[in-house]
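In what follows, a single structure is set out as C-alpha cells and then discussed.
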Amino acid sequence: MTTLRLGDTAPDFEQDSSIGKIRFYDYLGDSWGVLFSHPADFTPVCTTELGYTAIVSGEFAKRNAKVIAVSVDDADSHRKWIDDINDTQNTKVEYPILADADHKVANLYDMIHPNASSTATVRSVFIIDPSRKIRLTITYPASTGRNFDEILRVLDSLQLTDNYSVATPVNWKEGEDVIIVPSIKDEEELKAKFPKGYKVVRPYLRITPQPNK
C-alpha cells in the first residue's frame with residue numbers, strides 16, 4: 001500500500017457501484033473529481049454527509065466537478081441506504097456510491113488506518129484535477145462530519161490559482177481579494193496581470209481583487 005501525496009497521480013480502478021460498474025477515469029472524463037469515503041452504510045454521520053452532498057450537487061456541477069462516494073458495503077445495500085438518505089435528508093442522491101467490499105479502492109487510496117479501525121475506511125476526501133493529479137487530501141475522524149462547503153471553497157481556490165498568478169488567503173471565499181504570488185516582481189508584468197491594481201502590505205504580501213471578477 002502506497003501513501004498518496006499531493007501531486008501524485010490518482011489510481012484508476014473499476015468497481016461496482018449503486019449505479020452499476022464504474023471505471024474511475026471514464027467516469028471523471030475531463031472533469032475534476034471529489035472522491036470521499038465512508039466507514040459503512042446506514043451510519044448516522046455519513047447519512048447527513050451524503051445528503052448534503054446531494055443538496056449541493058449543482059454547486060459541484062458548476063465547478064465541472066463530479067462527486068463519487070465509497071463505502072465497504074455492497075451495491076444493493078447502497079441502494080437501500082440511498083432511499084434512507086433521500087427520505088431523512090429531503091434530497092435525491094444521484095451520484096454513485098462505490099461498493100468496496102473487497103477494499104480495493106480503500107487500499108489503493110490508503111483509506112484504512114489500522115490504529116483507528118482494522119476494517120472500516122476512515123473519512124477521507126480527495127480532490128483530483130482533470131489531469132488525474134491529487135490536489136487535496138483531508139482525513140477526518142469517524143465521529144466528525146465533513147464540511148462540504150470547505151471542499152467547494154478549495155475547488156474554487158484551486159481553479160482560480162491554476163489560471164492566475166495568485167494564492168488565496170486565510171478564510172478566502174469566491175469573489176474576495178487574493179494574494180499575488182511573490183515570484184512576480186517585474187512592474188510591467190504586474191501591471192499586465194493585475195490591471196485592477198494592488199496594495200503592498202509588505203514586499204512579500206500584495207493584495208489584489210480576484211482576477212476573474
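All of these numbers come straight from a predicted model, not from anything done at the bench. Basis for what follows: all heavy atoms, side chains included, without hydrogens, waters or symmetry-related copies.
Of the residues listed (K173, E174, E176), the one engaging Q210 in a side-chain hydrogen bond (donor to acceptor under 3.5 Å, both in side chains) is E174, and it is the only one.
Using a 4.0 Å cut-off between charged nitrogen and carboxylate oxygen, K133 and D8 do not count as a salt-bridge pair. Between R123 and E49 there is a salt bridge, since a side-chain N of the basic residue sits under 4.0 Å from a carboxylate O of the acidic one. Here K199 does not pair with D177 in a salt bridge; the nearest charged N to carboxylate O distance is not below 4.0 Å. A salt bridge between E59 and R63 is present, with a side-chain N of the basic residue lying under 4.0 Å from a carboxylate O of the acidic one. By the 4.0 Å N-to-carboxylate-O rule, R153 lies too far from D156 to be salt-bridged with it. Between R135 and D129, at least one side-chain N (NZ, or NE/NH1/NH2) sits under 4.0 Å from a carboxylate O, which counts as a salt bridge.
The aromatic rings of W81 and H78 sit tilted, their planes meeting at an angle between 30° and 60°.
Here the closest heavy-atom approach between residue P96 and residue S18 is recorded as CA-OG, 3.5 Å. When all heavy atoms of A69 and Y95 are compared, the pair lying nearest together is CB-CE1, 4.3 Å.
In N171, the CG atom is not crowded: 12 or fewer heavy atoms of neighbouring residues, nucleotides or ligands sit closer than 6.0 Å.
When hydrophobic clusters are built by joining Ile, Leu, Val, Met, Phe, Trp and Tyr residues whose side-chain heavy atoms come closer than 4.5 Å, directly or via intermediates, Y140 is grouped together with V67.
Defined by atom type and a distance below 3.5 Å, a donor-acceptor pair is present between the side-chain atoms of S77 and D41. In this structure, a donor-acceptor pair under 3.5 Å is present between the side chains of Q15 and D102.
Both the sub-6.0 Å distance and the 45° axial angle are not jointly satisfied by R23 relative to the ring of F13. Y164 does not carry K193 over the face of its six-membered ring by the limits of under 6.0 Å from the centre and within 45° of the normal.
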Criterion side-chain contact (heavy atoms from CB on, under 4.5 Å) on L152 and F60, from CA distance to verdict: CA-CA 7 Å; L152 287 165; F60 284 103; 3.6 Å; yes

